[in-house]
Every structure is written in structure tokens, then in C-alpha cells.
2 protein chains.
Amino acid sequence: MYERKIPLTIDCGLHLTKEVLNGKWKPALLNAISMEVKRPSAMLRLLPEATRRVLAVQLNEMEAHGLISKKIYPQLPPKVEYSLTNLGWSLMPIIDAMNMWGDQNRSFLEKVIRQDPKIRETSKSACELHRMLHLQKKA
Amino acid sequence: MYERKIPLTIDCGLHLTKEVLNGKWKPALLNAISMEVKRPSAMLRLLPEATRRVLAVQLNEMEAHGLISKKIYPQLPPKVEYSLTNLGWSLMPIIDAMNMWGDQNRSFLEKVIRQDPKIRETSKSACELHRMLHLQKKA
DNA sequence: CAGAATCCACCAGGATACTG
DNA sequence: CAGTATCCTGGTGGATTCTG
């Protein structure tokens with residue numbers, strides 16, 4: 001069994017929250033699940049830049065952290081659906097706020113972040129899809 | 001000059017926000033600055049687990065991203081004060097929400113996170129200090 | 001007191017292949 | 001369709017040292 005060598009800082013509320021959201025795709029996955037994108041294959045379609053393995057890893061972590069729960073349908077081919085727990089739902093206002101903040105300041109942020117020599121190019125995303133799905137649900 | 005080899009995903013609002021908050025101490029630093037802990041030495045005292053270098057790196061990044069601004073007093077010994085820009089202030093509701101969410105769910109989260117085999121021990125923090133400073137200001 | 005340069009350990013995340 | 005095992009690379013953050 002693997003053992004982390006460096007202890008994490010999880011004492012302060014900020015750090016606890018940061019820890020739980022720590023993962024390249026976790027906020028996006030929570031967002032997706034909240035919008036009824038519940039199956040791993042659908043999430044992969046939504047986040048084509050992620051790999052199956054990484055999504056599985058992060059989903060497992062979030063399940064272990066009590067943010068999502070997993071329902072397995074004993075079929076062939078197998079079917080799995082994730083859903084947000086109450087704890088996961090309670091996180092959505094923060095996710096939404098992050099989404100809105102980023103969108104509101106997009107033009108400025110893209111400018112300053114792109115000046116950052118660390119960043120070379122931007123990649124396409126499926127966030128518009130999120131929004132489309134969202135609107136479809138409302139209709 | 002260093003060039004990042006892997007492009008980042010910064011297209012979606014969520015990713016933009018994640019990008020600017022991406023750094024072990026950034027939320028804590030924003031929180032500190034918002035509570036009038038403006039000088040690097042004071043931040044170091046507040047976050048004794050961080051090193052001068054890392055704080056400086058993350059402060060520089062946040063300055064480049066327009067979240068904070070820096071005032072240099074031409075003295076000896078040198079004196080520097082950081083403060084939040086309007087953009088930085090606009091992020092504080094999110095930081096606060098993260099802080100509150102973590103505190104509200106602390107008991108549960110500490111349980112499940114500690115079960116996580118990746119984590120070995122918890123480290124002390126200065127978050128209580130934040131709150132004390134905050135209350136002192138109000139008094 | 002503040003900052004920058006160098007060096008490096010660690011680990012998150014990606015590639016790939018295989019199983020049920 | 002979903003999950004897991006193995007291997008590997010890049011980069012974050014820490015340690016140390018030196019400057020003004």
C-alpha cells in the first residue's frame with residue numbers, strides 16, 4: 001500500500017475545502033453530475049481531454065470523501081450512475097460562484113493568464129455543452 | 001526562459017477560477033491580506049509551514065493575475081505591503097464560502113479524509129489567528 | 001526585511017493495456 | 001461499459017544559499 005510521505009494541511013476550513021476540491025477535474029465533475037451527466041461514459045464525452053483512469057480516480061476520491069454516491073446496475077454491459085450526496089449538493093453554490101466569477105472576468109483573466117510565460121495555449125472545452133444541457137433541462 | 005510543456009485548460013469559467021486559485025497557499029494568502037496581514041514577514045508568521053520562497057512565488061503569481069497589488073516602501077530595511085485589488089476583493093465571497101463550508105463540515109471531513117490512506121497526519125494551523133485578528137479589527 | 005537562484009523530492013495526472 | 005495495474009513525465013513546492 002502506498003503511503004504519502006508529506007502530510008497535508010487540512011486543519012483550517014479553507015484547507016479542508018481545498019483538499020476536497022483538489023483534483024484537476026473534480027469541480028467539473030461535480031458540475032457535470034449536478035446537471036444529470038451521471039455516467040462515466042457521458043463524463044468522458046463531456047471532458048474529452050480527461051482519460052478514463054483519471055476520471056475514475058477522482059470519482060473514487062470524491063466518493064470516499066462523501067461528495068458523491070455511486071449506483072451500480074448489475075447488468076451486462078455494466079451501468080453505473082453517480083449522484084451528488086447532500087454534502088456534494090452543499091458544495092454547488094461554491095462551484096457555481098467559481099464558474100460565474102471566471103465567466104464574468106474571462107476577458108481580463110485570459111489576457112493576464114496568457115501573458116503568464118508558464119502557459120502556452122488554451123484548450124477547447126465542453127463547458128458550453130454544460131450550459132446547453134442546463135438550458136435543455138429547464139425547457 | 002522556461003516554457004510549460006503541457007497546456008492548461010483555462011477555457012471554462014470554472015477552470016479560470018481554479019487556475020488563479022491554484023497554489024497551495026493562495027486562498028490562505030488572499031484571506032490573510034483581506035484581514036490586514038499585508039507584509040510578507042507577517043504572512044510567514046501566520047503560515048509557519050510555508051517557506052519564504054513559496055509565498056513569494058505565489059504572491060508574484062497573484063500579482064501577475066491582478067488579484068493583489070504591491071506597494072514598496074523605499075527604506076532600509078525594506079518594507080512591502082500587499083493589498084487586494086478590486087478583482088481580488090471580488091474573489092473573497094468565494095474564499096469565505098470555502099472557509100465556512102470547511103468549518104461547517106469539519107468533523108465529518110476530518111473523519112473521511114483521515115481514512116484516506118494518502119494522508120498521514122494533520123498539521124497545525126494559524127487559522128484561529130486569522131479569526132482573532134478579524135475580531136480584533138472589529139473591536 | 002525582502003527577493004532571487006539553484007537544486008531536488010514527490011506525486012498528480014496522462015498513456016497504455018488488460019479484465020469482467 | 002466500467003474498472004484496475006503498470007509505467008512514466010512534468011511541475012509544484014520545499015531546502016538552501018546569496019544579494020541588497
Side-chain angles (χ1 to χ4, degrees), chain A residues 1-9 15 18-29 37-64 68 70-82 116-120 123, chain B residues 1-9 15 18-29 37-64 68 70-82 116-120 123:
Chain A
M1 172 67 80
Y2 177 77
E3 267 211 9
R4 182 182 284 255
K5 303 241 173 56
I6 298 180
L8 297 187
T9 311
H15 285 139
K18 208 153 174 307
E19 175 58 27
V20 153
L21 290 181
N22 198 19
K24 187 162 178 178
W25 306 101
K26 281 184 189 175
L29 287 173
V37 181
K38 319 186 118 185
R39 301 189 54 189
S41 51
M43 300 179 196
L44 264 172
R45 251 173 280 130
L46 203 57
L47 305 168
E49 299 185 83
T51 60
R52 229 170 346 139
R53 193 190 83 87
V54 175
L55 289 196
V57 167
Q58 307 212 347
L59 287 169
N60 284 339
E61 285 178 10
M62 291 197 290
E63 192 192 4
I68 59 179
K70 176 189 201 166
K71 178 162 171 78
I72 302 177
Y73 296 84
Q75 309 177 344
L76 261 174
K79 176 176 167 183
V80 169
E81 279 188 359
Y82 288 91
D116 196 322
K118 287 192 307 183
I119 295 185
R120 291 200 309 176
S123 37
Chain B
M1 173 65 81
Y2 176 78
E3 267 211 10
R4 183 181 284 256
K5 304 240 172 58
I6 297 180
L8 297 187
T9 310
H15 286 140
K18 210 154 172 306
E19 177 59 25
V20 295
L21 290 181
N22 197 19
K24 186 161 177 178
W25 305 101
K26 280 184 190 174
L29 287 173
V37 180
K38 319 185 119 187
R39 303 188 54 189
S41 50
M43 300 178 197
L44 265 172
R45 252 172 280 130
L46 202 58
L47 304 169
E49 298 187 82
T51 60
R52 228 167 350 136
R53 192 190 84 88
V54 174
L55 289 196
V57 167
Q58 308 213 345
L59 287 168
N60 284 340
E61 285 179 9
M62 290 197 291
E63 192 192 6
I68 59 179
K70 175 189 201 166
K71 180 164 170 77
I72 301 176
Y73 296 84
Q75 308 176 344
L76 261 171
K79 176 176 168 183
V80 169
E81 278 189 358
Y82 289 92
D116 197 321
K118 286 190 307 182
I119 296 185
R120 292 200 311 175
S123 37

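Everything numeric in this text was worked out from a predicted model, so none of it was measured. So you know, we letter chains A, B, ... as the sequences are listed, proteins then strands, and number each from 1.
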| message | Please give me the minimum heavy-atom distance between A/Ile68 and A/Leu59, naming the atom from each residue. | response | CD1-O, 3.5 Å
| query | Once you round it to whole Å, what is the distance between P of C/dA12 and CE of A/Met62? | reply | 15 Å
| task | Find the distance A/Leu59:CG to C/dG13:P and express it as a whole number of Å. | result | 13 Å
| said: Can you measure A/Lys18 atom NZ to C/dA12 atom P for me and round it to whole angstrom units? | reply: 13 Å
| query | Which whole-number value in Å describes the distance from B/Leu55 CG to C/dC1 P? | reply | 14 Å
| said: Please give me the minimum heavy-atom distance between A/Lys70 and A/Val80, naming the atom from each residue. | reply: CG-CG1, 3.9 Å
| note | Assert: residue with more 5' nearest nucleotide on DNA chain C, out of A/Gly23 and A/Leu76, is A/Gly23
| said: Within 45 degrees of the ring normal and closer than 6.0 Å to the centroid, is that where the cationic atom of A/Lys38 sits relative to A/Tyr82? | reply: no
| OP1 or OP2 of D/dG3 sitting under 4.0 Å from any side-chain N/O of A/Lys70? | yes
| query | What is the distance, rounded to the nearest whole Å, between atom CD of B/Glu61 and atom C1' of D/dG11? | reply | 11 Å
| field | Donor-acceptor under 3.5 Å (B/Lys18 side chain, A/Gly23 main chain) | value | yes
| request: With the side chain counted from C-beta on, respond yes when B/Val37 and B/Arg45 share a heavy-atom pair under 4.5 Å apart, and no when they do not. | output: no
| query | When all nucleic acid strands are considered with a 4.0 Å heavy-atom cut-off, which category describes A/Gln58: base, sugar-phosphate, or nothing? | reply | sugar-phosphate
| query | What's the shortest heavy-atom distance between B/Arg52 and B/Leu44, and which atoms? | reply | CG-CD1, 3.3 Å
| request: Could you check whether B/Val54 gets within reach of a base, just the sugar-phosphate, or nothing at all, counting any heavy atom under 4.0 Å? | output: base
| query | Where is the tightest heavy-atom contact between B/Leu55 and B/Ala50, given as atom of each residue plus distance? | reply | CD2-CB, 3.7 Å
| request: Output yes when at least one side-chain N/O atom of A/Asn60 is less than 4.0 Å from OP1 or OP2 of D/dG3, else no. | output: no
| query | How bent is the helix from C/dC1-D/dG20 to C/dG20-D/dC1, comparing axes over its five end pairs at each side, to the nearest 10°? | reply | 40°
| task | Let me know the distance between CG of B/Asn22 and P of D/dG10, rounded to the nearest Å. | result | 19 Å
| Side chain of A/Pro77 (C-beta onward), nearest among C/dG3, D/dC1, D/dA2 | D/dC1
| In whole angstrom, what separates B/Leu44's CG from C/dG3's P? | 11 Å
Pairs: protein N or O with nucleotides 15-17 of chain C N or O, under 3.5 Å:
residue: C/dA15; atom: N6; partner: A/Arg53; partner atom: NE; Å: 3.1

| said: Donor-acceptor pair, distance only, cut-off 3.5 Å: does the side chain of A/Gln58 make one with the backbone of A/Lys26? | reply: yes
| query | Can you name the nearest heavy-atom pair linking B/Ala28 to A/His15, along with the distance? | reply | CB-NE2, 4.5 Å
| request: Tell me what A/Tyr82 touches on the nucleic acid: a base, only sugar-phosphate, or nothing, going by heavy atoms under 4.0 Å. | output: sugar-phosphate
| Does a side-chain heavy-atom distance below 4.5 Å link A/Glu61 with A/Glu63? | no
| task | Using whole Å, report how far NZ of B/Lys24 lies from C1' of D/dG13. | result | 7 Å
| message | As a test of reading the structure: which of D/dA2, C/dG13, D/dG13 is closest to the side chain of A/Pro78, going by heavy atoms? | response | D/dA2
